[in-house]
Protein chains: 2
Amino acid sequence: MPNPTAAMLVIGDEILSGRTRDANMHFLAGELTKSGIDLQEVRIVSDRHDAIVEAVRALSAAYDTVVTSGGIGPTHDDITADAIADAFGAPIDVREDARALLAKHYETTGRELNAARLRMARIPDGATLIENPVSIAPGFTLGNVHVMAGVPSVFQAMVASVLPTLTGGEPLLSQTLRVARGEGDIAGPLAEIAAAHPDVSIGSYPFQQDGAFGANIVVRGMIGAKVDAAISDLALLFAE
Amino acid sequence: MPNPTAAMLVIGDEILSGRTRDANMHFLAGELTKSGIDLQEVRIVSDRHDAIVEAVRALSAAYDTVVTSGGIGPTHDDITADAIADAFGAPIDVREDARALLAKHYETTGRELNAARLRMARIPDGATLIENPVSIAPGFTLGNVHVMAGVPSVFQAMVASVLPTLTGGEPLLSQTLRVARGEGDIAGPLAEIAAAHPDVSIGSYPFQQDGAFGANIVVRGMIGAKVDAAISDLALLFAE
């Protein structure tokens, strides 16, 4: 049986403008791979309502699980929750369970639950809250879409809350062989080895270092013995 | 007149598996912003023919310019050129101009132009070559899609080749104010300032440092005086 599939939607002008470099995608990719969930697509869109709605609908229909990152804070440019609700045709308003979490937290910390902070209790009807042990304001799950914050520490905590609830697959095993020869020299024999080992996938990732080209050959598969067999053949062929 | 729009398509299993962290997106985002071209969407898909074809068609139709990264090397898993040709319904084969570039390069460097390397001369009919001063094997432009290598040094050189050919816009100006207060405290007045300055966009990007929350407030706009005016109002309001 193939592994469950996933997609990620990153919402953020600041990444598309080059101001900041996304960190959440790389983190999520690693966590999903460890859980045997196959991250097949990532989209990054700007803070525009229609762009978010369209991307959420497309990804939700195409993959088993979708994780979003960004745009659920208290400021005027945080529009993700409303866009997700719209994508599912769900009503959205301040919800009592989320409001109670925030009220308790701000009472404890001596801050005011003002109108802006109350925006973070806007949760679509039918959604389940995602726990946020870092800053309390919850994410939420609606259908197969898990809506999380963009601040990396909060995003990572929310991923930790949600991952145990997802159906995982067989963890993908991988081994890497670093070859100090250009891809053009190894591509022919590499294709033959790939054809001889149909139960693994073999990828070649070129790099350049000190002016010389090389490649990392990565063998991925579900069955350790088959990954081992392919990497052994590769090592024999490309041993330096 | 609104600025020209762009999208990027990153092709690479290795990024979706968390093995490597993409560097090209952040680089391209910065270069396009400097040129006044509005990067509105990025997609990352795996090395599957259908996924690439579908994404290229969608992005090519929706944006003025599309840049792809990855999958144009000599190995069996480099399938981007064929997928791009398929997306446009263009025939593809080894093309003489690209073959000649490679033949000369490998003759000079004393290497063989073998069958694998010759794959890098597969160029769709109607495409224009993109110069690659780093490792010679060219990228290509077909319609509004610029197909570039994934190795960062080569990608950057190809971006430098293509950027002067694109119609740029007014460079987007931006200024940032760092505020050491949680977004919940500043969101109300921030929304009022955003409403009072309709010719700029104001984004709030929260961070967490040493356990305290803060936010970078970024004002973006085409007209320097209007960006200045908004940032002055913000500085007055949130001065510490």
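Below, read A as the first sequence line, B as the second, and so on, with proteins coming before strands; counting in each chain starts at 1. Computed over heavy atoms, backbone and side chain alike; hydrogens, waters and symmetry mates excluded.
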Sort [X] into side chain, backbone, both or neither according to what part of it lies under 4.5 angstrom from a heavy atom of chain A.
X        : value
B:Met8   : neither
B:Asp38  : neither
B:Ile186 : neither
B:Phe213 : side chain
B:Val45  : both

Report the option among [options] that has the most heavy-atom pairs separated by less than 4.5 Å from atoms of chain B.
options                               : result
A:Pro206, A:Ser204, A:Ala137          : A:Ser204
A:Ser17, A:Ala115, A:Ser153, A:Gly150 : A:Ser17
A:Leu39, A:Leu9, A:Thr33              : A:Leu39
A:Asn216, A:Leu32, A:Ile202           : A:Ile202
A:Arg19, A:Arg111, A:Arg21, A:Met120  : A:Arg21
A:Ala215, A:Gly184, A:Ala116          : A:Gly184

| query | Just wondering, are more than 12 heavy atoms of other shown residues or ligands nearer than 6.0 Å to CD in A:Gln175? | reply |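 Correct, the count exceeds 12.
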| query | Considering residues, nucleotides and ligands other than B:Gln156, do more than 12 of their heavy atoms fall under 6.0 Å from its CD? | reply |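 Correct, the count exceeds 12.
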Contact class of [X] relative to chain B, heavy atoms under 4.5 angstrom:
X        : answer
A:Ala23  : both
A:Arg119 : neither
A:Ser174 : neither

Looking at every heavy atom in both [X] and [Y], which two are closest together, and how far apart are they?
X        : Y        : value
B:Gly18  : A:His26  : O-CE1, 3.1 Å
A:Pro74  : B:Ala187 : O-CB, 3.3 Å
A:Glu183 : B:Gly73  : OE1-CA, 4.3 Å

| query | What residue, out of B:Thr20, B:Ile15, B:Asp185, B:Leu172, has the most heavy-atom pairs lying under 4.5 Å from chain A? | reply |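 Most pairs with chain A among the choices: B:Asp185.
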| field | A:Glu41/B:Leu16 under side chain to side chain contact (heavy atoms under 4.5 Å, CB included): CA gap, chis, key distance, verdict | value | CA-CA 7 Å; A:Glu41 182 169 349; B:Leu16 293 170; 5.8 Å; no
Roughly how far, to the nearest 0.5 Å, is the [atom2] atom of [Y] from the [atom1] atom of [X]?
X        : Y        : atom1 : atom2 : result
B:Gln40  : A:Asp13  : CD    : CG    : 9.5 Å
A:Ile193 : B:His76  : CD1   : NE2   : 10.0 Å
B:Asp77  : A:Tyr205 : CG    : OH    : 6.0 Å

| Any side-chain heavy-atom pair of A:Arg220 and B:Glu14 under 4.5 Å |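 Heavy-atom side-chain distance check passes, below 4.5 Å.
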